[in-house]
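In what follows, a structure is listed as C-alpha coordinates, so that the remarks can point back to it.
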Amino acid sequence: MKIKEIRELLGAELLCGEEYLDNDVFSACCSDMMSDVLAYVKDQGVLLTGLVNPQVIRTAGMMDMVCIVFVRGKEPTEEMIELASDCGIVVMKSRYRAYEACGHLYTAGLVPAPEDK
Amino acid sequence: MPENVTFHFDVDGENFTSAGEASVMVKKKLRQLGLPPEVIRRVSIAMYEGEINMVIHADGGDADVTVTDDEVIIVLSDRGPGIPDVGLAMQEGYSTARDNIRSLGFGAGMGLPNMKKYTDSMEIETEIGVGTKITMTVKL
Ligand SMILES: Nc1ncnc2c1ncn2[C@@H]1O[C@H](COP(=O)(O)OP(=O)(O)OP(=O)(O)O)[C@@H](O)[C@H]1O
Ligand SMILES: [Mg+2]
(Lines give C-alpha, C1' and ligand atoms only; values in the text may rest on other atoms or scores of the structure.)
(Ligands and ions follow the chains in the order given, each with its own letter.)
Protein backbone atom coordinates (compact mmCIF):
# COMPACT_ATOMS: atom_id res chain seq x y z
CA MET A 1 0.00 0.00 0.00
CA LYS A 2 1.28 3.47 -0.80
CA ILE A 3 1.68 5.94 2.04
CA LYS A 4 -0.67 8.32 0.29
CA GLU A 5 -3.40 5.66 0.41
CA ILE A 6 -2.97 5.53 4.16
CA ARG A 7 -3.50 9.23 4.33
CA GLU A 8 -6.67 8.91 2.25
CA LEU A 9 -8.05 5.93 4.19
CA LEU A 10 -7.54 7.72 7.48
CA GLY A 11 -8.55 11.18 6.29
CA ALA A 12 -5.25 12.19 7.81
CA GLU A 13 -3.47 15.50 7.74
CA LEU A 14 0.10 15.27 6.51
CA LEU A 15 2.63 16.94 8.83
CA CYS A 16 5.87 16.06 7.06
CA GLY A 17 7.40 13.75 4.47
CA GLU A 18 5.44 14.74 1.37
CA GLU A 19 8.27 13.46 -0.81
CA TYR A 20 7.74 9.89 0.40
CA LEU A 21 3.98 9.63 -0.22
CA ASP A 22 4.46 7.35 -3.23
CA ASN A 23 6.58 4.88 -1.27
CA ASP A 24 5.16 1.47 -0.46
CA VAL A 25 4.57 0.06 3.00
CA PHE A 26 3.84 -3.57 3.69
CA SER A 27 2.81 -3.74 7.32
CA ALA A 28 1.66 -1.75 10.32
CA CYS A 29 1.49 -1.92 14.07
CA CYS A 30 -0.40 0.07 16.67
CA SER A 31 0.83 0.68 20.20
CA ASP A 32 1.31 3.29 22.88
CA MET A 33 4.12 1.20 24.37
CA MET A 34 7.38 1.91 22.59
CA SER A 35 8.90 -1.00 24.56
CA ASP A 36 6.59 -3.37 22.71
CA VAL A 37 7.26 -1.79 19.34
CA LEU A 38 10.99 -2.24 19.92
CA ALA A 39 10.59 -5.82 21.09
CA TYR A 40 8.09 -7.22 18.64
CA VAL A 41 8.07 -5.41 15.36
CA LYS A 42 10.13 -6.15 12.29
CA ASP A 43 10.89 -3.22 10.01
CA GLN A 44 9.67 -0.92 7.33
CA GLY A 45 6.13 -0.45 8.50
CA VAL A 46 3.73 2.12 9.75
CA LEU A 47 3.36 2.96 13.42
CA LEU A 48 -0.03 4.09 14.68
CA THR A 49 0.04 5.56 18.16
CA GLY A 50 -1.77 7.82 20.59
CA LEU A 51 1.44 8.53 22.50
CA VAL A 52 3.01 11.92 21.85
CA ASN A 53 6.66 12.39 22.75
CA PRO A 54 10.00 12.53 20.92
CA GLN A 55 10.67 8.88 21.73
CA VAL A 56 7.86 7.89 19.36
CA ILE A 57 9.87 9.41 16.52
CA ARG A 58 13.20 8.05 17.74
CA THR A 59 11.76 4.57 18.26
CA ALA A 60 10.35 4.53 14.73
CA GLY A 61 13.70 5.78 13.44
CA MET A 62 15.65 3.04 15.22
CA MET A 63 13.26 0.45 13.81
CA ASP A 64 13.54 1.78 10.23
CA MET A 65 9.82 2.48 10.20
CA VAL A 66 8.74 4.85 7.44
CA CYS A 67 5.49 6.43 8.61
CA ILE A 68 3.90 7.47 11.90
CA VAL A 69 0.19 8.13 12.29
CA PHE A 70 -0.94 9.95 15.42
CA VAL A 71 -4.50 8.86 16.16
CA ARG A 72 -7.31 10.59 18.06
CA GLY A 73 -6.19 13.90 16.60
CA LYS A 74 -3.07 13.92 18.79
CA GLU A 75 -0.80 16.77 17.92
CA PRO A 76 2.96 16.26 17.75
CA THR A 77 5.17 19.25 18.57
CA GLU A 78 7.14 21.26 16.00
CA GLU A 79 10.27 19.72 17.44
CA MET A 80 8.98 16.21 16.89
CA ILE A 81 8.03 16.97 13.30
CA GLU A 82 11.50 18.38 12.67
CA LEU A 83 13.09 15.28 14.14
CA ALA A 84 10.94 13.08 11.91
CA SER A 85 11.80 15.11 8.79
CA ASP A 86 15.42 14.73 9.67
CA CYS A 87 15.00 10.95 9.94
CA GLY A 88 13.06 10.76 6.67
CA ILE A 89 9.84 9.62 8.32
CA VAL A 90 6.36 10.61 7.15
CA VAL A 91 4.16 11.97 9.94
CA MET A 92 0.40 12.43 9.80
CA LYS A 93 -2.46 12.80 12.23
CA SER A 94 -5.90 11.29 11.98
CA ARG A 95 -9.08 12.00 13.90
CA TYR A 96 -9.90 8.29 14.06
CA ARG A 97 -9.29 6.48 17.29
CA ALA A 98 -6.73 3.69 17.26
CA TYR A 99 -9.15 0.80 16.84
CA GLU A 100 -10.96 2.40 13.97
CA ALA A 101 -7.82 3.59 12.22
CA CYS A 102 -6.38 0.08 12.39
CA GLY A 103 -9.66 -1.37 11.12
CA HIS A 104 -9.58 0.81 8.03
CA LEU A 105 -6.01 -0.13 7.17
CA TYR A 106 -6.54 -3.81 7.92
CA THR A 107 -9.66 -3.98 5.78
CA ALA A 108 -7.79 -2.32 2.94
CA GLY A 109 -5.22 -5.12 3.07
CA LEU A 110 -2.38 -3.78 5.20
CA VAL A 111 -1.18 -6.70 7.32
CA PRO A 112 0.17 -6.70 10.89
CA ALA A 113 3.92 -6.13 11.16
CA PRO A 114 5.71 -9.48 11.37
CA GLU A 115 7.47 -10.31 14.63
CA ASP A 116 11.22 -10.32 14.64
CA LYS A 117 12.11 -13.66 16.17
CA MET B 1 43.35 -0.80 7.39
CA PRO B 2 42.06 2.52 8.82
CA GLU B 3 41.97 3.27 12.55
CA ASN B 4 39.00 2.35 14.68
CA VAL B 5 36.26 4.97 14.73
CA THR B 6 34.94 6.00 18.13
CA PHE B 7 32.04 8.11 19.32
CA HIS B 8 31.35 9.37 22.81
CA PHE B 9 28.10 10.78 24.21
CA ASP B 10 27.03 12.11 27.59
CA VAL B 11 23.54 10.79 28.16
CA ASP B 12 21.56 13.34 30.12
CA GLY B 13 19.49 11.78 32.88
CA GLU B 14 17.78 15.01 33.88
CA ASN B 15 15.24 15.35 31.12
CA PHE B 16 13.48 12.53 29.39
CA THR B 17 12.86 14.62 26.27
CA SER B 18 16.39 14.05 25.02
CA ALA B 19 16.44 10.31 25.79
CA GLY B 20 17.47 8.44 22.67
CA GLU B 21 19.38 11.32 21.07
CA ALA B 22 22.74 9.57 21.26
CA SER B 23 21.38 6.51 19.49
CA VAL B 24 19.89 8.63 16.72
CA MET B 25 23.31 10.24 16.20
CA VAL B 26 25.11 6.91 16.20
CA LYS B 27 22.71 5.59 13.61
CA LYS B 28 23.51 8.56 11.36
CA LYS B 29 27.26 8.09 11.80
CA LEU B 30 27.08 4.37 11.04
CA ARG B 31 25.15 5.15 7.87
CA GLN B 32 27.85 7.62 6.85
CA LEU B 33 30.43 4.89 7.43
CA GLY B 34 28.45 2.72 5.03
CA LEU B 35 27.88 -0.21 7.38
CA PRO B 36 25.32 -2.83 6.28
CA PRO B 37 21.70 -1.81 7.09
CA GLU B 38 21.05 -4.92 9.18
CA VAL B 39 24.11 -4.19 11.36
CA ILE B 40 23.00 -0.59 11.78
CA ARG B 41 19.53 -1.68 12.75
CA ARG B 42 20.78 -4.13 15.37
CA VAL B 43 23.22 -1.61 16.88
CA SER B 44 20.55 1.10 16.87
CA ILE B 45 17.91 -0.92 18.68
CA ALA B 46 20.30 -2.38 21.26
CA MET B 47 21.92 0.96 22.01
CA TYR B 48 18.59 2.80 22.14
CA GLU B 49 17.16 0.34 24.67
CA GLY B 50 20.29 0.72 26.78
CA GLU B 51 20.28 4.50 26.48
CA ILE B 52 16.63 4.71 27.55
CA ASN B 53 17.44 2.43 30.49
CA MET B 54 20.24 4.74 31.60
CA VAL B 55 17.82 7.66 31.58
CA ILE B 56 14.86 6.02 33.29
CA HIS B 57 16.70 3.77 35.75
CA ALA B 58 20.06 5.43 36.38
CA ASP B 59 19.96 9.24 35.85
CA GLY B 60 22.01 9.10 32.68
CA GLY B 61 25.60 8.10 32.00
CA ASP B 62 28.15 7.68 29.22
CA ALA B 63 27.81 5.97 25.88
CA ASP B 64 30.86 4.92 23.87
CA VAL B 65 30.67 3.30 20.48
CA THR B 66 33.67 1.86 18.67
CA VAL B 67 33.66 0.60 15.12
CA THR B 68 36.51 -1.78 14.33
CA ASP B 69 37.34 -3.88 11.27
CA ASP B 70 34.95 -6.59 12.22
CA GLU B 71 32.55 -5.38 14.90
CA VAL B 72 30.72 -2.52 16.57
CA ILE B 73 31.27 -2.27 20.33
CA ILE B 74 28.77 -0.36 22.46
CA VAL B 75 29.65 0.49 26.06
CA LEU B 76 27.02 2.10 28.29
CA SER B 77 28.10 3.04 31.78
CA ASP B 78 26.20 4.80 34.51
CA ARG B 79 26.55 5.67 38.18
CA GLY B 80 23.00 4.65 38.97
CA PRO B 81 21.66 2.28 41.61
CA GLY B 82 22.96 -0.93 40.01
CA ILE B 83 20.90 -4.03 39.24
CA PRO B 84 20.35 -6.28 42.30
CA ASP B 85 19.48 -9.46 40.37
CA VAL B 86 20.70 -9.51 36.79
CA GLY B 87 19.09 -12.88 36.05
CA LEU B 88 15.72 -11.49 37.06
CA ALA B 89 16.23 -8.22 35.18
CA MET B 90 17.01 -10.20 32.02
CA GLN B 91 13.64 -11.95 32.12
CA GLU B 92 11.05 -10.72 29.64
CA GLY B 93 8.39 -8.71 31.42
CA TYR B 94 10.41 -7.95 34.56
CA SER B 95 10.40 -4.22 35.22
CA THR B 96 10.71 -1.94 38.22
CA ALA B 97 9.44 1.01 36.16
CA ARG B 98 6.49 2.83 37.66
CA ASP B 99 3.39 4.27 36.02
CA ASN B 100 5.02 7.59 35.19
CA ILE B 101 7.52 5.69 33.00
CA ARG B 102 4.78 3.55 31.42
CA SER B 103 2.87 6.68 30.48
CA LEU B 104 5.96 7.68 28.48
CA GLY B 105 5.77 4.43 26.51
CA PHE B 106 8.43 2.40 28.34
CA GLY B 107 8.62 -0.05 31.20
CA ALA B 108 7.40 -3.33 29.73
CA GLY B 109 10.48 -5.19 30.90
CA MET B 110 11.57 -5.96 27.34
CA GLY B 111 14.69 -3.82 26.95
CA LEU B 112 17.45 -6.02 28.35
CA PRO B 113 16.21 -9.22 26.62
CA ASN B 114 15.89 -7.22 23.40
CA MET B 115 19.47 -5.95 23.73
CA LYS B 116 20.64 -9.54 24.08
CA LYS B 117 18.58 -10.63 21.10
CA TYR B 118 20.03 -8.02 18.75
CA THR B 119 23.69 -8.33 19.73
CA ASP B 120 26.33 -11.04 19.35
CA SER B 121 27.55 -10.58 22.91
CA MET B 122 26.35 -8.68 25.94
CA GLU B 123 28.06 -8.38 29.30
CA ILE B 124 26.60 -6.68 32.36
CA GLU B 125 28.84 -5.49 35.19
CA THR B 126 26.86 -3.98 38.00
CA GLU B 127 27.34 -3.05 41.63
CA ILE B 128 24.66 -1.85 44.00
CA GLY B 129 24.99 1.86 44.71
CA VAL B 130 27.91 2.20 42.30
CA GLY B 131 26.52 1.73 38.81
CA THR B 132 26.13 -0.47 35.80
CA LYS B 133 28.28 -1.03 32.75
CA ILE B 134 26.89 -2.87 29.77
CA THR B 135 29.16 -3.92 26.91
CA MET B 136 27.58 -5.17 23.71
CA THR B 137 29.08 -6.19 20.39
CA VAL B 138 27.58 -6.64 16.94
CA LYS B 139 29.70 -8.40 14.32
CA LEU B 140 29.99 -6.83 10.89
N1 LIG C 1 21.09 0.94 33.79
C2 LIG C 1 20.32 0.41 34.74
N3 LIG C 1 20.49 0.74 36.04
C4 LIG C 1 19.71 0.21 37.01
N5 LIG C 1 18.72 -0.69 36.78
C6 LIG C 1 18.51 -1.06 35.50
C7 LIG C 1 19.28 -0.54 34.41
N8 LIG C 1 18.85 -1.12 33.27
C9 LIG C 1 17.85 -1.95 33.62
N10 LIG C 1 17.63 -1.92 34.95
C11 LIG C 1 16.67 -2.73 35.73
O12 LIG C 1 16.32 -3.88 34.97
C13 LIG C 1 14.91 -3.90 34.74
C14 LIG C 1 14.63 -4.50 33.37
O15 LIG C 1 15.15 -3.65 32.35
P16 LIG C 1 14.48 -3.70 30.90
O17 LIG C 1 15.16 -2.72 30.04
O18 LIG C 1 14.45 -5.11 30.45
O19 LIG C 1 12.98 -3.27 31.19
P20 LIG C 1 12.39 -1.80 31.48
O21 LIG C 1 13.42 -0.78 31.17
O22 LIG C 1 11.85 -1.81 32.86
O23 LIG C 1 11.19 -1.73 30.43
P24 LIG C 1 11.36 -1.58 28.82
O25 LIG C 1 12.80 -1.76 28.50
O26 LIG C 1 10.50 -2.63 28.24
O27 LIG C 1 10.88 -0.20 28.50
C28 LIG C 1 14.47 -2.47 34.88
O29 LIG C 1 13.11 -2.34 35.19
C30 LIG C 1 15.37 -1.99 36.02
O31 LIG C 1 14.90 -2.43 37.26
MG1 LIG D 1 14.39 -0.82 29.30
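Values below: every heavy atom of this structure, side chains too, minus hydrogens, waters and symmetry copies.
In plain terms, the two heavy atoms of B/Y118 and A/L38 that are nearest each other are CE1-O, 4.3 Å. Heavy atoms only, all atoms of each residue included: A/M63 and B/R41 are closest at O-NH1, 3.1 Å.
Residues in residues 4-17 of chain A take part in these side chain to side chain donor-acceptor pair (under 3.5 Å) pairs, two or more places apart or across chains: A/K4-A/D22.
Residues of residues 129-140 of chain B having a heavy atom under 4.5 Å from any heavy atom of chain A: none. Heavy-atom proximity under 4.5 angstrom to chain B picks out A/N53, A/P54, A/Q55, A/R58, A/T59, A/G61, A/M62 from residues 52-62 of chain A. Listed in order of number, the residues of residues 15-25 of chain B that approach chain A to under 4.5 Å between heavy atoms are B/F16, B/T17, B/S18, B/A19, B/G20, B/E21, B/S23, B/V24.
Heavy-atom contacts from other residues, nucleotides or ligands closer than 6.0 Å to CD of A/E100 number more than 12. For B/K29, the NZ atom sits in a loose shell: 12 or fewer heavy atoms of surrounding residues, nucleotides or ligands are nearer than 6.0 Å.
Of the atoms belonging to B/R42, not a single heavy atom falls under 4.5 Å from chain A. In this structure, chain A has heavy atoms under 4.5 Å from both the backbone and the side chain of B/F106. Of the two parts of A/L51, only the side chain, counted from C-beta on, holds a non-hydrogen atom closer than 4.5 Å to a non-hydrogen atom of chain B.
Between the A/S35 side chain and the B/G107 main chain, a donor and an acceptor come within less than 3.5 Å of each other.
Two residues are said to be in side-chain contact when any heavy atoms from C-beta on lie closer than 4.5 Å; A/M34 and B/L104 fail this criterion.
A salt bridge does not link B/K27 with A/D86: every distance from a Lys NZ or Arg NE/NH1/NH2 to an Asp or Glu carboxylate oxygen is 4.0 Å or more.
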